[in-house]
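Values reported hereafter were calculated over all heavy atoms of this structure, with side chains retained and with hydrogens, waters and symmetry mates removed.
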Amino acid sequence: MRRILDGLYHGAGWLAALSILGICVVVTAQVALNIASRLGGTDLNWTIPSYADFAGFALAASTFLAAASTLRHGVHIRVNLVVRKLPPRLMWMSEILVLVIGAGMVGIATWWTANLVGESWHYGDRSTGIIAIPLWIPQIPMVAGLGLLCVAMIDTALTALRSGRPVLIDEGEA
């Protein structure tokens, strides 16, 4: 089970990285087309239709798909000013408490985001750009990322329970 979960977290992280690469490619291509338009005149006036929409969709995908991997690697941005001062036992208990509460909150967010995807599908919602994309398509990575983050939080809480110590300590913090 450990290998499957780690593979899912790793795969989602790679999809997030590919989404960021996609943003770079689309935006760089549009900038190159803008430069060609300025240098070459109206004959070279091209644009990538809905490039800003595609970049935004990829940004949302990368944000949500990377969440589980960053949690499991202990690189989420955290405020440790108080937690670092706690004794190890209280630090461990606070980590479990925060992970359980976080999993509940992310579970609720996953539920409502999945409902949003269903509504987008049912009503045929489309983006407003030049290329009208059905909104359920870019919303799916949001649901997948949130669902995987919820699983990662539960997984991490169980790991902390089994180990009897905090598991989300970055080596730079120790």
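Side-chain contact between L168 and L71: present, with at least one pair of heavy atoms (C-beta onward) separated by less than 4.5 Å. Annotation: side chain of D53 is not in contact with side chain of I131 (no heavy-atom distance under 4.5 Å). L148 places a side-chain heavy atom less than 4.5 Å from the side chain of Y9.
Across every non-hydrogen atom of E95 and P166, the tightest pair is OE2-CA, 3.3 Å. The minimum heavy-atom distance between R72 and T159, with the atom names listed, is NH1-OG1, 3.9 Å. Residues I133 and P138 approach most closely at CG2-CD, 4.1 Å, considering heavy atoms. Between A68 and A152 the shortest heavy-atom distance is CB-CB, 3.9 Å. Of all non-hydrogen atoms in M91 and L86, the two that sit nearest each other are CE-O, 3.9 Å. The heavy-atom pair separating S62 from L59 by the smallest distance is OG-O, 2.9 Å.
Cluster annotation: I108 and I101 are assigned to distinct hydrophobic clusters (Ile/Leu/Val/Met/Phe/Trp/Tyr, side-chain heavy-atom contacts under 4.5 Å, transitive). Residue V27 is grouped with residue I35 when hydrophobic side chains (ILVMFWY) are merged at heavy-atom distances under 4.5 angstrom, including chains of intermediate members. A chain of hydrophobic side-chain contacts below 4.5 Å, direct or via other Ile, Leu, Val, Met, Phe, Trp or Tyr residues, connects L146 to M153. Follow the hydrophobic side-chain contacts under 4.5 Å out from V167 and you reach V106 in the same cluster. In the hydrophobic clustering of this structure, V100 groups with W92; members are Ile, Leu, Val, Met, Phe, Trp, Tyr whose side-chain heavy atoms approach within less than 4.5 Å, directly or through other members.
Side-chain N/O atoms of N34 and Q30 include a donor and acceptor closer than 3.5 Å.
Atom CE of M142 is separated from atom CG of L116 by 6.5 Å, given to the nearest 0.5 angstrom. A distance of 9.5 Å separates OG1 of T156 from CG of L5, quoted to the nearest 0.5 Å. Of the inter-residue distances, the one linking S94 atom OG with L99 atom CG reads 9.5 Å to the nearest 0.5 angstrom. Separation of atoms CG (L90) and CG (L97) is listed at 11.5 Å; rounding is to 0.5 Å. Put simply, NE2 on H122 and CH2 on W136 are 15.5 Å apart, with the number rounded to the nearest 0.5 Å. The CD1 atom of I48 sits 11.0 Å away from the CD1 atom of I130 when rounded to the nearest 0.5 Å.
Using a distance-only test at 3.5 Å, with no hydrogens or angles considered, no donor-acceptor pair links the side chain of H10 to the main chain of D6. No donor-acceptor pair closer than 3.5 Å links the side chain of T110 to the backbone N or O of V143. A donor-acceptor contact shorter than 3.5 Å links the side chain of S163 to the backbone of R165. Formation of a donor-acceptor pair under 3.5 Å by the T70 side chain with backbone atoms of V75 is not found in this model. Using modelled atom types, no side-chain atom of W46 and backbone atom of S37 make a donor-acceptor pair closer than 3.5 Å.
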Please determine whether side chain to side chain contact (heavy atoms under 4.5 Å, CB included) holds for the pair S127 and F57, giving the CA-CA distance in whole Å, both sets of side-chain angles, and the decisive distance to 0.1 Å. CA-CA 10 Å; S127 64; F57 296 153; 3.9 Å; yes
For a side-chain hydrogen bond (donor to acceptor under 3.5 Å, both in side chains) check, start with the C-alpha distance between Q139 and S120, then their side-chain angles and the critical distance, and finish with the verdict. CA-CA 9 Å; Q139 290 170 345; S120 294; 2.9 Å; yes
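Atom CZ of R2 is surrounded by more than 12 heavy atoms from other residues, nucleotides or ligands within 6.0 Å.
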